Amino acid sequence: MYIRTGNAGRTENIFIDILRYVFRLNKPIYLNPTFDLSGSNINEKRKKHQTNFDFVEIPSDILIRDLRKIGFQIVFFSTYKEVKMYTGEYDNLNIFNKIIYKTFVKLNVFPFNHLGRTIIMLCKKT
């Protein structure tokens with residue numbers, strides 16, 4: 001089974017992300033379509049467009065736990081946290097934040113490996 005979904009377990013603050021994972025405060029986010037594309041700039045319009053679908057974002061820790069509970073083996077898992085390093089957003093960070101972000105990307109252990117925006121997972125029924 002191949003899964004691609006938004007990772008509801010992340011925010012824009014890495015420290016809050018880590019606390020939510022460690023203390024198991026993550027919950028799925030259910031988005032209801034609005035079909036509203038208004039906005040004064042492209043980023044506002046893009047955010048509105050993302051809510052124009054019946055969509056559920058599932059935190060990666062919850063998804064993995066539930067899949068294992070029903071008998072799936074995780075063959076491949078990534079939240080693509082390293083993608084931010086290739087954006088203009090990363091280029092605009094100060095040197096301190098760049099060092100923190102590079103360290104965060106290199107740490108491939110829980111909860112750091114769960115903090116990217118998009119879950120890509122390949123599973124196999126055992």
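Because the structure is predicted, anything quoted here is derived from the model rather than measured.
- The closest donor-acceptor contact from the side chain of K81 to the backbone of V105 lies under 3.5 Å.
- Contact record, T79 with N7: CG2-ND2, 3.8 Å, taken as the closest heavy-atom pair.
- Not one N or O on the side chain of T5 forms a donor-acceptor pair closer than 3.5 Å with the backbone of E57.
- Note: the hydrophobic cluster containing Y2 does not contain I74 (ILVMFWY, side chain heavy atoms under 4.5 Å, direct or indirect links).
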Evaluate the side-chain contact (heavy atoms from CB on, under 4.5 Å) criterion for residues L19 and V22: first the C-alpha distance (whole Å), next the side-chain angles of each, then the deciding distance (0.1 Å), finally the verdict.
CA-CA 5 Å; L19 290 174; V22 169; 5.7 Å; no

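- The distance from the OH atom of Y80 to the OG1 atom of T118 is 9.5 Å, given to the nearest 0.5 Å.
- Within 6.0 Å of atom NZ in K124, 12 or fewer heavy atoms from other residues, nucleotides or ligands are found, so the atom counts as exposed in its surroundings.
- Note: the hydrophobic cluster containing V109 also contains F15 (ILVMFWY, side chain heavy atoms under 4.5 Å, direct or indirect links).
- Between F112 atom CZ and Y21 atom OH the span is 12.5 Å, to the nearest 0.5 Å.
- A distance of 7.5 Å separates CD1 in I99 from OG1 in T103, rounded to the nearest 0.5 Å.
- Residues N97 and N94 approach most closely at N-OD1, 2.8 Å, considering heavy atoms.
- Under the 4.5 Å side-chain heavy-atom criterion for Ile, Leu, Val, Met, Phe, Trp and Tyr, I120 and Y86 are members of distinct hydrophobic clusters.
- Linking ILVMFWY side-chain heavy atoms closer than 4.5 Å, directly or via other members, places I100 and L115 in two distinct hydrophobic clusters.
- Looking only at side-chain heavy atoms (C-beta outward), L67 and I3 come within less than 4.5 Å of each other.
- Considering every non-hydrogen atom in both N113 and F77, the closest pair reads O-CE2, 3.4 Å.
- Of the inter-residue distances, the one linking R20 atom CZ with I16 atom CD1 reads 8.0 Å to the nearest 0.5 angstrom.
- When hydrophobic clusters are built by joining Ile, Leu, Val, Met, Phe, Trp and Tyr residues whose side-chain heavy atoms come closer than 4.5 Å, directly or via intermediates, Y90 is not grouped with V83.
- Between I119 and G6, the shortest heavy-atom distance links the atoms CD1-O, 4.1 Å.
- Around atom CZ of F96, no more than 12 heavy atoms belonging to other residues, nucleotides or ligands sit under 6.0 Å away.
- Shown here is R65, whose CZ atom has more than 12 heavy atoms of other residues, nucleotides or ligands within 6.0 Å.
- The heavy-atom pair separating T126 from Q73 by the smallest distance is CG2-CB, 3.5 Å.
- Distance check, rounded to the nearest 0.5 Å: CD1 of I64 to CD1 of I62 gives 11.0 Å.
- A side-chain donor-acceptor contact under 3.5 Å links K125 to the backbone of I70.
- We find the CG-NE2 distance between D17 and H114 to be 12.5 Å, quoted to the nearest 0.5 Å.
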